[in-house]
Amino acid sequence: MTKQRLVVVGNGMAALACLEEIYRRGGPPQAEFEVTVFGAEREVNYNRILLSDVLSGKKNTEEIVLNPLTWYAERGIRLHLGEPVAHLDVQNRTVRSAGGIEASYDLLLLAMGSVPFIPPIKGVEKPDVFTYRSLEDVRVIRDRANRSQNALVIGGGLRGLEAARALAELGLEVTVAHLMDRLLEMQLDGQAAAILRRQIEELGIRVLLGHCADEILGNGATEGVHFTNGTAREADLVLISTGIRPNVALAQEGGLEVRRGIVVNDFLETSVPGIYAIGECVEHRGKTYGLVAPIYEQAKTAAAALCGDQSKPYTGSVTAAKLKVAGVDVVSMGNFLADGAACEEMVYSDPTAGIYQKVVLQGGRVVGGIFLGDTALSGRIFQVLQSGEDVTLQRKGLLRGEGGVPPASVMALPDEAVICGCMGVCKGTIMAAIQEHGCTSREAIAEETRACTSCKSCGPLLDQILQQVLGGEYVKTAQQPVFCGCLPLDQTALRTEIKVRGLRSATEALRALGNGVGCAVCKPGLSYLLSEVWANDHLEERQHRFINDRVHANIQKDSSFSVVPRMYGGVTSPEELRRIADAAERYGVRMVKLTGGARIDLLGVSKADLPRIWADLGMPSGHAYAKAIRTCKSCVGTDFCRFGVQDSISMGIAVEKAFEGLYTPHKVKLSVSGCPRNCAESTVKDIGLVGIQGGWEVYVGGAAGMKVRKGDLLCTVETREEALAASAKFLQLYREEARYMERTYDYVERVGMETIQKVVLENPDEGSALLSRLNQSKALAQDPWLEREHPVHPRQFEDLIPAPAGASDESQESEVRSQGLEG
Amino acid sequence: MMNTWVCVGSVDDIPRGEGRKVALGDLVVAVFHLDDGRFLAVDHHCPHRRGPLADGLLCGKTVVCPLHGWKVDLDSGNVHGEGAALRTFPAEVREGRIYLSTREVLLTR
Ligand code: SRM
Ligand SMILES: Cc1cc2nc3c(=O)[nH]c(=O)nc-3n(C[C@H](O)[C@H](O)[C@H](O)COP(=O)(O)OP(=O)(O)OC[C@H]3O[C@@H](n4cnc5c(N)ncnc54)[C@H](O)[C@@H]3O)c2cc1C
Ligand code: SF4
Ligand code: FES
């Protein structure tokens, strides 16, 4: 039987999704395909959604490739890269590329995506003006960014903002100029856009609204941008991101029906029989799409149709746009502006916390929504939006995630329910990945189906499905993630193996339990684990530590270091201040600054000077650079304050001395306040003590950094000693049980206060065992700044010194040369 | 082409698994003592934002920049996943001393 010749124009996300589906179906019933693909780009199919990560340097090109060359080769696909199709001859059923390659087809699939829309601006042809659509664009932008200072992004839509963030991460000054009066007007309402704007500005990105660019300034080179309101901005790199237009040129030439996009019917067939079209280049029922999920739906239907199966028409998609702008999660769906009759809006807004949630209802059904900052509920809301079910009875709980929309087991959802909104992967596909392809983890499912490869917000749903399908087996592995790919054990198992096998150094542990090499993620973690398991009686190997822990100071952007001496409880003296002042002058410290942790920072010290400045200060290390016990803030308390009910200063000093020098899974900050007015902010510290009449409250798990969390009350006790003991037991439990890099705020939430209280308060044996293990570690803890006298390596703080120029040891040099070494 | 080798110190100056910086005129080089005993040298400044690579964490023959984590392969000088690459400098050990070929110095001056 003759093979059907399928020619595909476009080698992007839509085209390949369709091909994959065809192969998944095993081809059409009557014949096999002979497939030829033309791609205008030089690359194989990659994940365009992740371009910003490549731009910012977070990912490399290989990491975003979806179909490597081998994928095409294994299927015998003829692939022409860098060959845009320039002619389409519908009569003779042939296409011809710009490079003259001709191919005849029985079936033709057009998937040419879109082209950037460039508004009329004078000077857009200048060399430093870019659009942002492809890997090639990313390459040239990055190249220019290396030499640039000032970037201006024209267009505050989804892609423009992503580009702005990536450019800011590259260290450029970035301004976004947007025509409309709010950012992301296609996804957000005014209130949400205002919150987002503030957060973007907090990242140092400047936002100009209502600015319409009309000219790129500069004589030859790009120097700035002029706007219709008469103002101008400096910029040496301009990125235009003002929307896209379906790429229809080829279809027009071939005489297909084209309106805004290439017109297709419910089976994605164009006006010419045998020619199909999918993706951003098509118009279906009057709509065009610019997101992956609907395009993947089209690809499925087209694949079926190409294989002769017309059982499931494509009727259009309701889209939910998911994106991360400046680290903020944004989901927008359906009729988010509540346009039209009888729409009501339910809104929860917390601008300070950067959270905005809105659901639009019409006749008892969810028709739209916006989620910003906290998108946990958006998946469920999108499901009820898609299903169109009546939610009148659950209105109250809709935005609370309680009672309202039942957190129905994901298993109750139909197979067609979309689980991964970004990639348009539905539940049936995920079930098949687990049941038929043996996937047992999120990662494996991602590999098999591409779900959860973009914004990752469907991760918890995947876990739920895995858990339901695989049962107990999965629960075990899922709750304890593997320590690292280099050391494929979970942390509990790793601790046990270290102990049982008596492994005392990171090198030994890596050889015995891992790949022998390790990486920047696991080596510092492993080093901590070893020190903790052996209560500091381990074999310290500095080469596995981050630079801060090799030289006991915090590295700065200019390669110098900062020095923060310990100041117990935040108390200092004139004598100490004098030494600090002298040392600051002697070593040319660039700035002396009070820290947010209530002590003094000497900034801009060179590595070689560290041992000397420590000696001159004569104070112990404040560990401001380490995953260790940090500061203990205190307030003035009974000694001076008219409200003080407890002696917070002496307590602060005592607590800091008791724990000083201990390393921890993540940093641990302490604080003691003398009364419930809580001037030392004890309720937002990892461990915080608050004096009350006749006793102390002990709070744990508080924080006020990236996450603001009020600590949980561990216990209320009567004496200082009890308060100290409770803190110490909690600290040791955290040291032993928390995952590396898990702050107490996450640890407490993961384990639950009840469990912690049971161990720390209700079980005297376990409690005193914790205390004695803490004391053991403490006994061997020493001030790392004493390494000024006994460095672990004689040249721990020193650079290399070359032999004097010219005299570069003539004899040696000629000897080397005479032995014929080549450079 | 003329080869100039400069002695930059003794093998004991760099602990195994770490790197050290050396300034050779305008040229700043990071020299690494690998776990397998080899010595490799590349430009000291990270192409991202001039992070001090000699202070990076060494994993096999990859060094991770201490500032923002770019990864440099010390054999080739290639930055993982970036278009960027650093110059590498041939290094040799003779009688316990480390020599770098400064051919690059001559070229860049
Ligand atoms: C020096 C100091 C800022 C200042 O000038 O005041 C500071 C400086 C840094 N902080 Fe901080 N933090 C400083 C107080 C704080 C505080 C306030 C406090 O301690 O009471 C917080 C919020 C409290 C908290 O953690 O709950 C704070 C929350 C953070 C965070 C967010 C942690 C989180 O999980 O939420 C980071 C990032 C991290 O640790 O991953 C961070 C990370 C950093 C680093 C180490 C970033 C880095 O890796 O280079 C900064 C070093 C700058 C430098 O060049 O030396 N810093 N940082 C403060 C030193 C206090 C001290 O005496 O030790
Ligand atoms: C920076 C960026 C961020 C994005 N972020 C998201 C996101 O977070 N979520 C989301 O859902 N979507 C996102 N998108 C949109 C998503 O990438 C597109 O919707 C999707 O790639 C469209 O698929 P497609 O196959 O229609 O077009 P494309 O993937 O663009 O593929 C079309 C291909 O056809 C080629 N081509 C064009 N003309 C010819 C010709 N004549 N001959 C041969 N080849 C030709 C093009 O070069 C291109 O390679 C983003 C897009 C960009 C650019
Ligand atoms: S000191 Fe802290 S808040 Fe300030 S820039 Fe550094 S990490 Fe950010
Ligand atoms: S300077 Fe090296 S990664 Fe940023």
Side-chain angles (χ1 to χ4, degrees), chain A residues 54 57-63 138-139 142-143 146 169-171 486 507 515-524 541-548 550-551 555-560 607 792-796 798-805 808-809 812-817 819 821-823, chain B residues 1 3-10 12-18 20-25 29 31 33 35 44-45 47-52 54-64 66-71 79-84 89-90 92 94-95 97-104:
Chain A
V54 180
K58 266 192 240 133
K59 286 205 159 66
N60 61 38
T61 308
E62 287 138 53
E63 283 174 281
V138 168
R139 269 189 213 108
R142 278 196 66 122
D143 197 44
N146 281 334
E169 278 172 13
L170 284 176
C486 311
T507 303
N515 64 3
V517 184
C519 68
V521 176
C522 65
K523 296 209 298 182
E541 291 177 318
R542 282 294 151 76
Q543 73 267 29
H544 301 306
R545 301 270 192 186
F546 185 63
I547 184 66
N548 288 5
R550 278 185 261 155
V551 300
I555 193 158
Q556 315 278 299
K557 61 189 276 190
D558 66 352
S559 307
S560 70
K607 200 205 293 179
V792 288
H793 184 275
R795 302 180 66 92
Q796 191 179 339
E798 253 131 288
D799 296 339
L800 298 177
I801 305 160
S808 172
D809 208 323
Q812 286 280 3
E813 193 185 324
S814 49
E815 183 196 333
V816 169
R817 236 195 254 128
Q819 293 191 0
L821 284 174
E822 232 326 291
Chain B
M1 185 191 316
N3 246 340
T4 313
W5 291 84
V6 182
C7 174
V8 295
S10 111
D12 301 332
D13 289 349
I14 313 179
R16 208 174 256 234
E18 293 189 24
R20 288 292 183 270
K21 150 181 139 175
V22 63
L24 301 167
V29 180
V31 189
H33 188 169
D35 287 328
H44 173 64
H45 289 120
H48 178 216
R49 275 150 79 179
R50 290 182 63 77
D55 285 340
L57 196 60
L58 189 58
C59 308
K61 63 186 184 77
T62 303
V63 68
V64 183
L67 292 198
H68 319 94
W70 279 25
K71 298 187 188 124
V79 183
H80 285 259
E82 308 298 330
F89 302 88
E92 287 287 345
R94 294 277 137 206
E95 292 171 358
R97 305 192 68 74
I98 312 164
Y99 287 81
L100 294 189
S101 163
T102 58
R103 179 188 47 172
E104 299 282 0

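Every value quoted in this text rests on a predicted model; they were computed, and no experiment measured them. Chain letters run A, B, ... following the sequence lines, proteins first and then strands; every chain starts at 1.
Looking at heavy atoms from C-beta onward, A:Asp558 lies out of side-chain contact with B:Arg50 at the 4.5 angstrom threshold. Proximity of B:Cys59 to A:Lys523: side-chain heavy atoms (C-beta onward) are separated by under 4.5 Å at one or more points. Counting only heavy atoms from C-beta outward, the side chains of B:Val22 and A:Asp799 never approach each other to under 4.5 Å.
With a 4.5 Å cut-off on non-hydrogen atoms, B:Val31 touches chain A through its side chain but not through its backbone. Heavy-atom distances place the backbone of A:Gln556, and not its side chain, under 4.5 Å from chain B. If you measure heavy-atom distances from A:Pro794 to chain B, you find no contacts under 4.5 Å at all. For A:Ile555, the part lying near chain B is the side chain, with the backbone staying farther off; criterion is any non-hydrogen pair under 4.5 Å. Proximity to chain A is absent for every atom of B:Ala84, based on heavy atoms less than 4.5 angstrom apart. Only the side chain of B:His48 comes within less than 4.5 Å of a heavy atom of chain A; its backbone N, CA, C and O stay farther away. In this structure, chain A has heavy atoms under 4.5 Å from both the backbone and the side chain of B:Ile14. Using a 4.5 Å cut-off between heavy atoms, A:Glu63 makes no contact with chain B at all. Using a 4.5 Å cut-off between heavy atoms, B:Leu67 touches chain A through its side chain atoms alone.
The most heavy-atom pairs under 4.5 Å with chain B, out of A:Asn60, A:Asp143, A:Leu800, come from A:Leu800. Interface summary for chain B: among A:Arg142, A:Arg550, A:Lys58, A:His544, the most heavy-atom pairs under 4.5 angstrom belong to A:Arg550. Note on B:Ala54, B:Gly56, B:Pro47, B:Gly51: by heavy-atom pairs under 4.5 Å with chain A, the leading option is B:Gly56. When each of A:Arg795, A:Gln796, A:Lys557, A:Glu798 is checked for heavy-atom pairs under 4.5 Å with chain B, A:Arg795 comes out on top.
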Item to check | salt bridge (charged side-chain N to carboxylate O under 4.0 Å, His left out) assessment of B:Asp55 paired with A:Lys607 | outcome: CA-CA 10 Å; B:Asp55 285 340; A:Lys607 200 205 293 179; 2.7 Å; yes
Item to check | Criterion side-chain contact (heavy atoms from CB on, under 4.5 Å) on B:Leu57 and A:Ile547, from CA distance to verdict | outcome: CA-CA 7 Å; B:Leu57 196 60; A:Ile547 184 66; over 6 Å; no
Item to check | From CA spacing to verdict: side-chain contact (heavy atoms from CB on, under 4.5 Å), B:Glu18, A:Arg542 | outcome: CA-CA 8 Å; B:Glu18 293 189 24; A:Arg542 282 294 151 76; 3.6 Å; yes
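Closest approach of A:Ala520 to B:Val64, counting heavy atoms only: CB-CG2, 3.7 Å.
A:Leu170 contributes atom CG, which lies 8.5 Å from atom CZ of B:Arg49 (distance to the nearest 0.5 angstrom).
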